[in-house]
Novice: 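Dropping the structure in here first, questions after.
All values reported here derive from a predicted model rather than from experimental measurement. Each chain gets a letter, A, B and so on, in the order its sequence line appears, and its residues count up from 1.
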Amino acid sequence: MSQVFDHQQIEAKWIQKWQETKLYKTPDINQGDQKKYILETFPYPSGYAMHVGHAKGYVGSDVTARYWRMKGYKVLYPMGWDAFGLPAENYAIKTGIHPRPNTENTIEVSKNQLNKIGLSYDWDREIGTHRPDYYRWTQWFFQFLYKRGLAYKKDSLVNWDPVDKTVLANEQVLADGTAERSGAVVEQRMMSQWFFKITDYADRLIDDLDKVDWPDSTKLMQRNWVGRSVGAEVDFRIEGSAEKIRVFTTAHDTIFGCTFVVLSPEHKLVDSVTTAENIALISEYKEQAKSKSQLQRTDLNKDKNGLFTGSFAINPINGEKIEIWVADYVLSNYGTGAVMGVPGNDERDFEFANKYSLPIIFTADKEEFISYSEKIKPEKIKHTLINSGKYTGINFEQARELILNDLINLGAGEAKLSFRLRDWSISRQRYWGCPIPVLYKPKENTGEGGMTDGDWEVELVPETDLPVILPEDVEFAPTGRSPLLDHKEFHQSAQKYGTGYKRESDTMDTFVDSSWYFFRYCSPVNDNTFADPEEMKKWMPVDQYIIGAEHSNMHLLYARFFTKVLFDAGLINFDEPFLRVRHQGMVAGEDARKMSKRWGNVVNPNDVCDEVGADSLRTYEMFMGPFKDGLPWSTSTIKGVKRFLDKVWKMQDKIVDVENEKIESSLHRLIKKIGSDIEDLSFNTAVAEYMKFSNLVDEIGGVSNSQFARFLKVLAPFAPFMAEEIWQNLYHKGQGFEAKNSIHKQLWPVFDESLTVDDEVVIGVQINGKTRGEVLVDEKDNSDSVLEKVKQDEKLVKYFEGEIVKVIYVPKRIFNVIVK
RNA sequence: GCCGAGAUGGCGGAAUGGUAGACGCGAAGGACUUAAAAUCCUUUAUCUUCGGGUGUGGGGGUUCGAGUCCCCCUUUCGGCACCA
């Protein structure tokens with residue numbers, strides 16, 4: 001009789017032995033070897049330990065990695081730390097403890113948690129974005145983009161907290177426009193910031209989505225985020241002026257309905273079109289708009305207001321004279337900052353026209369408002385033009401072409417794609433991030449009264465001097481300035497490049513750190529390049545990336561952008577980094593609320609491991625429901641999973657000499673099903689399959705040695721500790737542990753397809769589409785022979801009084817008789 | 001408002017257009033026990049006149065057959081938002 005499964009002692013033993021023997025070391029790989037690169041989002045060690053919700057995604061990845069190893073694939077399954085960023089810095093500010101020791105400490109704690117649940121990472125490949133050997137290459141990427149003309153500086157608005165005197169991230173600004181922390185009303189402030197020119201890649205970021213296997217909803221989110229719209233730019237001559245107003249429109253076929261033009265308050269032509277009597281009002285309006293934050297401007301509850309400038313424009317298509325207005329519902333940073341007002345087509349324009357009694361002309365033979373952006377289904381907007389001069393009666397699609405051509409011929413327009421995507425702002429006025437490797441050289445004749453941005457020239461820090469080290473002794477409490485600005489030595493050290501040189505004091509957005517980490521895993525110890533090209537050829541692209549749906553959009557977009565730039569530079573031979581993306585759902589607390597300290601519903605995986613064991617935790621998290629769904633934690637369900645594993649443990653004592661046929665065929669089905677379920681990430685049904693098998697063994701009363709061995713192998717990815725313990729007990733008892741004898745080094749058992757199908761099966765019998773009974777059919781049966789069987793069935797015979805009109809037999813599925 | 005994903009027993013959920021409710025939890029009854037825990041066995045969608053009827057948010061439709069496909073509606077959860 002075996003002892004009870006002492007999970008605490010046994011799991012600790014295997015964690016240690018697996019580490020000692022480097023069981024999960026990444027194998028050497030040759031190009032062309034069958035490989036799988038299994039990736040998952042790396043956590044940010046902010047100061048708080050992980051909870052079981054984090055564990056779920058990791059266990060799912062681990063099961064997959066273990067499976068592919070057993071299938072004979074070379075598997076890269078690494079882990080690291082997304083350590084820079086706001087959470088760690090805020091935790092530091094809160095506790096007064098410097099983020100570095102704090103981060104390293106959290107990493108230690110988290111690493112132990114991950115090991116405790118049996119995740120099979122190759123820790124030799126661990127990376128941390130906050131470590132100089134890593135961020136040296138984050139800085140290289142910055143310079144790489146800069147040299148390719150994809151990093152530039154411009155003035156841009158930031159959220160400014162006047163009380164805390166600091167720049168806020170969007171997530172720190174509440175919906176009412178106040179700061180989350182201080183409660184102050186957030187202002188918009190101009191600041192000179194670094195940008196990456198991701199808009200250069202807008203088209204490819206949409207088009208290349210066709211190449212990858214991602215959830216449709218995720219692809220759609222990316223498409224909508226980039227937001228390509230097909231339209232035209234049209235020039236409206238200003239009456240009595242040589243100037244023209246250029247507008248962007250996605251609906252140039254509605255141009256006959258254009259009854260006014262609206263400029264954004266920031267538009268450069270506002271001043272010149274404003275007539276003398278309107279100057280006072282308009283400049284006041286402009287001032288108001290300036291003081292409004294983007295949030296306020298967009299939260300105005302659709303109350304559109306604006307002012308007439310006093311000038312008129314000429315509609316190029318029909319020569320109509322229309323009023324030029326200024327309104328802040330038009331944004332300066334989208335399109336051209338000016339729109340043609342088409343109240344018959346656009347809801348906002350309609351509201352605006354109503355409010356100020358501007359004319360409304362309908363140009364579509366449908367009253368509903370229509371839009372042409374790509375997200376609207378084409379069949380919903382088919383219509384014919386009305387009130388449109390010579391184009392009246394023409395289908396809108398044709399009209400679009402005709403009108404555009406005519407506008408081009410008139411010299412008053414051109415076809416234009418527009419994108420919603422904006423360039424990526426990467427400057428952060430924060431301490432805990434990667435320094436931007438840039439120097440500022442003072443210009444010769446500096447102006448009087450302090451230096452402004454224009455008095456400096458940008459120079460890259462020489463590559464041989466990278467990394468620019470993030471100083472440790474920095475005052476990281478908020479002061480209203482980039483913490484590095486006031487670090488004397490940091491800037492002093494720039495003097496070696498020339499007198500008066502200073503360093504860039506902002507740090508990079510942490511999205512930059514995480515936009516290339518998956519390359520680094522291919523050769524994490526490497527001083528010569530961000531990742532060895534040969535190693536990348538062997539491992540990349542990523543075969544499976546598991547990431548939470550909530551925060552995947554931006555990250556995926558940025559990582560794809562980096563990949564495409566590297567591809568264009570000839571540094572890699574693929575232009576999409578993640579072949580397959582899947583999402584894992586969050587685990588909520590037992591009260592169905594988000595797990596957080598606030599609700600006191602956080603479950604620490606360590607506690608669960610201590611109580612019921614890591615195998616139970618793992619198997620339960622896979623069993624609780626569909627992997628991609630968010631589900632509440634359930635203490636009672638985990639007991640059921642533990643019950644199942646205890647049964648497996650007891651199977652050791654039920655090994656018999658006779659090989660039962662029923663168990664054998666059930667085992668073949670199991671091997672097949674577990675394999676396909678793991679590949680589909682359908683873990684919950686896989687676990688149900690194990691349970692069925694163990695129930696069958698219970699029923700039969702025994703299992704053969706060979707059958708049990710195969711069962712243990714397919715169980716190993718889910719319950720690696722128990723599988724290993726039993727495996728060693730049965731086959732290597734008394735021997736010292738050797739890596740090659742580990743169950744995790746065994747090959748996945750093969751199944752015989754013919755054994756997975758039953759010769760005989762009970763199917764449902766339908767009479768006129770209603771299920772009335774069942775009948776046992778076998779392989780040889782055809783429609784006629786089944787009908788004979790059905791007619792002989794006592795329960796069914798009564799339905800055959802009428803004439804049989806039709807018989808449908810789907811072999812081994814359903815038998816349906818239509819009787820009159 | 002727009003976009004996306006959902007809605008199936010008391011609960012979590014299962015189901016290539018083919019016998020709805022696999023598997024687990026919970027519950028009820030029983031066995032073992034002085035007793036409890038643990039374990040094991042049985043039952044468990046629902047109504048029923050025991051023939052059968054009704055059931056996958058609601059209403060239509062396609063089909064021999066719909067949880068699954070199509071149209072409309074209700075509702076829950078995510079994401080985005082004056083994008084011209």
Side-chain angles (χ1 to χ4, degrees), chain A residues 4 215-221 223-225 227 229 231 247-252 254 262 264 294 297-304 327-331 333-342 345-349 351-352 371-373 375-376 418-422 549-553 583 585-586 620 623-626 628-641 643-644 646-647 650 682 684-692 694-695 698 761-775 795 798 805-818:
Chain A
V4 287
D216 286 340
S217 53
T218 309
K219 287 188 183 185
L220 202 57
M221 267 168 72
R223 286 200 180 97
N224 289 343
W225 190 266
S229 41
V247 304
F248 172 75
T249 174
T250 53
H252 47 274
T254 65
V262 191
S264 65
Q294 195 88 355
R297 210 158 134 175
T298 58
D299 253 24
L300 269 176
N301 249 344
K302 304 203 168 184
D303 179 26
K304 318 263 176 295
D328 65 5
Y329 80 88
V330 177
L331 302 178
N333 55 3
Y334 181 78
T336 61
V339 303
M340 58 181 209
V342 187
N345 173 48
D346 184 279
E347 210 168 338
R348 288 158 313 186
D349 294 344
E351 241 180 87
F352 195 75
S371 161
Y372 299 88
S373 81
K375 48 190 170 186
I376 306 291
S418 183
F419 295 91
R420 181 186 172 277
L421 183 70
R422 295 175 202 166
E550 327 78 52
H551 69 284
S552 65
N553 195 34
H583 301 303
M586 294 301 294
Y620 164 66
F623 181 61
M624 61 196 297
K628 67 171 175 19
D629 289 356
L631 297 159
W633 184 258
S634 159
T635 319
S636 54
T637 308
I638 198 170
K639 280 190 215 147
V641 174
R643 220 171 268 168
F644 154 71
D646 286 343
K647 273 195 210 170
K650 286 180 195 153
S682 178
N684 54 331
T685 53
V687 176
E689 243 12 70
Y690 293 130
M691 289 172 169
K692 271 196 236 177
S694 92
N695 289 344
D698 262 7
V761 62
V762 176
I763 64 165
V765 176
Q766 297 184 338
I767 311 295
N768 295 338
K770 277 193 182 287
T771 305
R772 295 296 182 186
E774 42 190 39
V775 67
K795 272 177 75 180
K798 64 183 170 197
V805 180
K806 194 175 174 186
V807 168
I808 294 138
Y809 178 49
V810 182
K812 294 164 101 176
R813 284 271 182 205
I814 196 79
F815 189 78
N816 191 1
V817 191
I818 310 302

Novice: Is there a donor-acceptor pair closer than 3.5 Å between any side-chain N or O of Y620(A) and the backbone N or O of W633(A)?
Specialist: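 Such a contact is absent between Y620(A) side chain and W633(A) backbone.
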Novice: Taking the side chain of T685(A) as its heavy atoms from C-beta onward, which of A15(B), A84(B), C23(B) lies nearest to it?
Specialist: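 Among the listed nucleotides, the one closest to the side chain of T685(A) is A15(B).
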Novice: Any base atoms under 4.0 Å from I818(A), or only sugar-phosphate, or nothing? Heavy atoms, all strands.
Specialist: sugar-phosphate
Novice: Nearest whole Å is fine: how far is G52(B) P from I767(A) CD1?
Specialist: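 Spelled out: CD1 on I767(A) to P on G52(B) is 12 Å.
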Novice: Where the side chain of V330(A) is defined as all heavy atoms beyond and including C-beta, which of A84(B), G13(B), C82(B) is the nearest nucleotide?
Specialist: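 So the side chain of V330(A) is nearest to A84(B).
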Novice: Provide the distance between the two P atoms, one in G61(B) and one in G17(B), to the nearest whole Å.
Specialist: 23 Å
Novice: Expressed in whole Å, how much space separates the C1' atoms belonging to A15(B) and G67(B)?
Specialist: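 Taking atom C1' in both A15(B) and G67(B), they lie 8 Å apart.
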Novice: Find the distance Y620(A):OH to C23(B):C1' and express it as a whole number of Å.
Specialist: 14 Å
Novice: T637(A) has a side chain; which of G13(B), A84(B), G24(B) sits nearest to it?
Specialist: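 So the side chain of T637(A) is nearest to G24(B).
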Novice: Is any side-chain N or O of N695(A) closer than 4.0 Å to OP1 or OP2 of G24(B)?
Specialist: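 For G24(B), OP1 or OP2 has a side-chain N or O of N695(A) closer than 4.0 Å.
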Novice: Nearest 0.5 Å please: distance from the CD1 atom of I808(A) over to the CD1 atom of I818(A).
Specialist: 5.0 Å
Novice: For nucleotides U54(B) and G60(B), find the distance between their P atoms and express it as a whole number of Å.
Specialist: 15 Å
Novice: With rounding to whole Å, what would you report as the distance between G53(B) and A5(B) at their P atoms?
Specialist: 38 Å
Novice: For L220(A), which contact category applies under a 4.0 Å heavy-atom criterion: base, sugar-phosphate, or nothing?
Specialist: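 Sugar-phosphate only.
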Novice: Could you state the NZ-C1' distance from K628(A) to G4(B), rounded to the nearest angstrom?
Specialist: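 So the two atoms are 12 Å apart, to the nearest Å.
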Novice: Under a 3.5 Å limit for both distances, which nucleotide forms a Watson-Crick or G-U wobble pair with C69(B), could you say?
Specialist: G61(B)
Novice: Taking CG from L631(A) and P from C23(B), how many angstroms apart are they, rounded to a whole number?
Specialist: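 Rounding to the nearest Å, CG of L631(A) and P of C23(B) are 20 Å apart.
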Novice: Under a 3.5 Å limit for both distances, which nucleotide forms a Watson-Crick or G-U wobble pair with U75(B), could you say?
Specialist: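 Across any shown strand, U75(B) pairs with G6(B).
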Novice: Please work out if K647(A) contacts a base, only the sugar-phosphate, or nothing of the nucleic acid, heavy-atom cut-off 4.0 Å.
Specialist: sugar-phosphate
Novice: Mind checking if K639(A) touches a base, just sugar-phosphate, or nothing, with heavy atoms under 4.0 Å?
Specialist: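 The residue K639(A) makes no contact with any strand.
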Novice: Taking the chi torsion of G9(B), is it syn (within 90° of 0) or anti (everything else)?
Specialist: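 The base of G9(B) is oriented syn (glycosidic angle within 90° of 0).
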Novice: Distance check, rounded to the nearest 0.5 Å: N816(A) atom CG versus N768(A) atom CG?
Specialist: 7.5 Å
Novice: Can you figure out which of G18(B), C3(B), C23(B) approaches the side chain of N224(A) most closely?
Specialist: C3(B)
Novice: Name the nucleic acid region contacted by P632(A), choosing base, sugar-phosphate or nothing; use a 4.0 angstrom heavy-atom cut-off, strictly under.
Specialist: nothing
Novice: Over how many whole Å does the gap from K806(A) atom NZ to G65(B) atom C1' extend?
Specialist: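 Those two atoms, NZ and C1', are 10 Å apart.
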Novice: By nearest nucleotide on RNA chain B, pick out whichever of V339(A) and G773(A) is the more 5' one.
Specialist: G773(A)
Novice: Determine whether a donor-acceptor pair (N or O, by modelled atom type, separation under 3.5 Å) exists between the side chain of S264(A) and the backbone of G337(A).
Specialist: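 Indeed, once roles are kept as given, a pair shorter than 3.5 Å links the two residues.
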Novice: Evaluate the side chain to side chain contact (heavy atoms under 4.5 Å, CB included) criterion for residues F623(A) and I638(A): first the C-alpha distance (whole Å), next the side-chain angles of each, then the deciding distance (0.1 Å), finally the verdict.
Specialist: CA-CA 9 Å; F623(A) 181 61; I638(A) 198 170; over 6 Å; no
Novice: Examine U39(B): is either OP1 or OP2 under 4.0 Å from a nitrogen or oxygen in the side chain of R643(A)? Give yes or no.
Specialist: yes
Novice: Which value, in whole Å, describes the distance between the C1' atoms of nucleotides A45(B) and G13(B)?
Specialist: 15 Å
Novice: Just name whichever nucleotide pairs with U33(B), Watson-Crick or G-U, keeping both distances under 3.5 Å, else none.
Specialist: none
Novice: What's the CG-P distance between D349(A) and C83(B), to the nearest Å?
Specialist: 10 Å
Novice: List the steps and the verdict of side chain to side chain contact (heavy atoms under 4.5 Å, CB included) for M340(A) and D349(A).
Specialist: CA-CA 9 Å; M340(A) 58 181 209; D349(A) 294 344; over 6 Å; no
Novice: Considering only the C1' atoms, how many Å lie between C82(B) and G55(B), rounded to the nearest integer?
Specialist: 47 Å
Novice: Would you call the rings of F644(A) and Y690(A) parallel, tilted or perpendicular, taking 30° and 60° as the class edges?
Specialist: parallel
Novice: Can you measure Y690(A) atom OH to G24(B) atom P for me and round it to whole angstrom units?
Specialist: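 Computing the Y690(A):OH to G24(B):P distance gives 15 Å.
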Novice: With heavy atoms under 4.0 Å as the rule, sort T771(A) into base, sugar-phosphate or nothing.
Specialist: sugar-phosphate
Novice: Nearest 0.5 angstrom please: D629(A) CG to M624(A) CE, how far?
Specialist: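 Atom-to-atom, D629(A):CG and M624(A):CE are 10.5 Å apart.
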Novice: Identify the nucleotide, in any strand shown, that forms a Watson-Crick or G-U wobble pair with A14(B), with both distances under 3.5 Å; if there is none, say none.
Specialist: none
Novice: Just compare G24(B), G65(B), A84(B) and give me whichever is closest to any side-chain atom of F623(A).
Specialist: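 Among G24(B), G65(B), A84(B), the one nearest the side chain of F623(A) is G24(B).
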Novice: Is any side-chain nitrogen or oxygen of R772(A) closer than 4.0 Å to OP1 or OP2 of G53(B)?
Specialist: yes
Novice: In whole angstrom, give me the gap between the C1' atoms of G59(B) and C11(B).
Specialist: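 That atom pair is separated by 29 Å.
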Novice: Judged by each residue's nearest nucleotide on RNA chain B, which is more toward the 5′ side, S634(A) or Q766(A)?
Specialist: Q766(A)
Novice: Syn or anti for G52(B), given that syn means the glycosidic angle lies within 90° of 0?
Specialist: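 Anti, which is what one calls it when the glycosidic angle falls more than 90° from 0.
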Novice: Contact class for G764(A) vs. all strands (heavy atom < 4.0 Å): base, sugar-phosphate, or nothing?
Specialist: base
Novice: Nearest to the side chain of S217(A), which nucleotide is it out of C25(B), G4(B), G18(B)?
Specialist: G4(B)
Novice: Within the 4.0 Å heavy-atom criterion, would you say V762(A) contacts the bases, only the backbone, or no part of the nucleic acid?
Specialist: base
Novice: Provide the distance between the two C1' atoms, one in U56(B) and one in G9(B), to the nearest whole Å.
Specialist: 10 Å
Novice: Report the C-alpha distance between I763(A) and V775(A) in whole Å, list the side-chain angles of each, state the deciding distance to 0.1 Å, and finish with yes or no for side chain to side chain contact (heavy atoms under 4.5 Å, CB included).
Specialist: CA-CA 6 Å; I763(A) 64 165; V775(A) 67; 3.8 Å; yes
Novice: In the strands shown, is G1(B) matched to any nucleotide by a Watson-Crick or G-U wobble pair with both distances under 3.5 Å, and which?
Specialist: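 Check on G1(B): paired to C80(B), both distances under 3.5 Å.
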Novice: Contact class for D216(A) vs. all strands (heavy atom < 4.0 Å): base, sugar-phosphate, or nothing?
Specialist: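 Answer is nothing: D216(A) stays at 4.0 Å or more from every strand.
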Novice: Whole angstroms only, please: what is the CG-P distance between L331(A) and C82(B)?
Specialist: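 Atom-to-atom, L331(A) to C82(B), this comes out as 7 Å.
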